[in-house]
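In what follows, a single structure is set out as structure tokens and then discussed.
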Protein chains: 2
Amino acid sequence: MTAVKCESPKLDNERILALKDAIELLSGKWKFCILLNLYSLGTMRFKDLMETSNGITPKVLSKELQELEENLLITRTVNNTKPVTVSYAITPHAIETQAVINALIEFGLKHRKKIKGK
Amino acid sequence: MTAVKCESPKLDNERILALKDAIELLSGKWKFCILLNLYSLGTMRFKDLMETSNGITPKVLSKELQELEENLLITRTVNNTKPVTVSYAITPHAIETQAVINALIEFGLKHRKKIKGK
DNA sequence: CTGGATCCTAACTGATACTG
DNA sequence: CAGTATCAGTTAGGATCCAG
């Protein structure tokens, strides 16, 4: 997703703003993938994410991680190792996104059945 | 959103595919807005959607509606009126997306509090 | 009223190479 | 190892005008 537009004059404004925010926070080709990896597999390093996020380039991964960090969804910690390593982990706050992802997966699964059934 | 990439070798593939599908179905700057309008306000005509979707252009609205229809999330019915009118309504299947939208709104609301609290 | 056709731009994405 | 820099391609989205 990108910048979401949704100013319907007839609907509750606060909820719409919240919806917009949520979508924008999670928009991006890889955000869900990264979040899913992080809370399925736990803390990961840049390199690990490069490997599990099949096809991503360092530049893009870097950008996605920065955006997630700005939005307090993940933490970035630099480790005192010989070759410097960096660990990424989701914040407690980001656990809320699990509900979103689960809802999306549920919907996706049902939709797949629907399509296949045709 | 656009074409979502998420082929993590370490995660359950079917769920990831479902996630990808769901995101792609709902991607686009206005999809959520249109769906929200349709199941908050009921069946609407093209003109109505133009008005409630503040700032959308007919071309974009048309495209979004077509995509939603292709994915069986809305129905399009042409009415036998003097100047032709067209009604759009969500399908029963699309009601599943409410869970997604609600989850997004919930997350968005919590996130706003988090940010404001700082 | 309901769109389709054109043109255009900004943003996202990718490939490649390079640095602390 | 963990990125940044540069360059180039694609595309979603908007402006405007036109048509059934």
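Chain naming here is simple, since letters A, B, ... match the order of the sequence lines and numbering starts at 1 in each.
Distance, A:K82 NZ to D:dC1 P: 12 Å, rounded to whole Å. In this structure, CG of B:N80 is placed 14 Å from C1' of C:dC1, rounded to the nearest angstrom. Rounded to an integer number of Å, the gap from A:E24 CD to D:dG13 P is 12 Å. Remark: C1' of C:dG3 and CE of B:M50 are 10 Å apart, rounded to the nearest angstrom. What separates CD1 of A:I23 from P of D:dG13 is a distance of 12 Å, to the nearest Å. Going from atom CG of B:L61 over to atom P of D:dT16 covers 18 Å, rounded to whole Å. Atom C1' of nucleotide D:dT11 and atom NZ of B:K29 are separated by 13 Å, given to the nearest angstrom. Regarding B:K31, its NZ atom lies at a distance of 10 Å from the P atom of D:dA12, rounded to whole Å.
Atom-to-atom distance recorded for A:I101:CD1 and B:I23:CD1 is 7.5 Å, nearest 0.5 angstrom.
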Exercise for the section: Scan nucleotides 2-9 of chain D nucleotide by nucleotide, 5' to 3', and note B when protein non-hydrogen atoms come under 4.0 Å of the base, S if they reach only the sugar-phosphate, - if neither. Expected result: SBB-BB--
Problem - Derivation and outcome, side-chain contact (heavy atoms from CB on, under 4.5 Å), residues A:R76 and A:L65 - result: CA-CA 9 Å; A:R76 176 181 183 276; A:L65 289 172; over 6 Å; no
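Remark: A:N79 pairs with A:T85, A:S87 by the side chain to side chain donor-acceptor pair (under 3.5 Å) rule, at least two apart or across chains. A search for side chain to side chain contact (heavy atoms under 4.5 Å, CB included) contacts involving B:V60 returns B:W30, B:I56, B:T57, B:E64, not counting sequence neighbours. When the side chain to side chain contact (heavy atoms under 4.5 Å, CB included) test is applied to B:Q66, the partners found at least two apart in sequence or on another chain are B:S62. For A:K63, the side chain to side chain contact (heavy atoms under 4.5 Å, CB included) partners at least two apart in sequence or on another chain are A:E67. Listed by chain and number, the residues in a side chain to side chain donor-acceptor pair (under 3.5 Å) with A:Y39 amount to none (sequence neighbours excluded). Not counting sequence neighbours, B:N80 has no partner by the side chain to side chain contact (heavy atoms under 4.5 Å, CB included) test.
Within the structure, side-chain hydrogen bond (donor to acceptor under 3.5 Å, both in side chains) pairs that include any residue of residues 92-104 of chain B comprise A:K110-B:E96 (at least two apart or interchain).
Note on the helix from C:dC1-D:dG20 to C:dG20-D:dC1: terminal axis deviation equals 50°, with five pairs used at each end and the result rounded to 10°.
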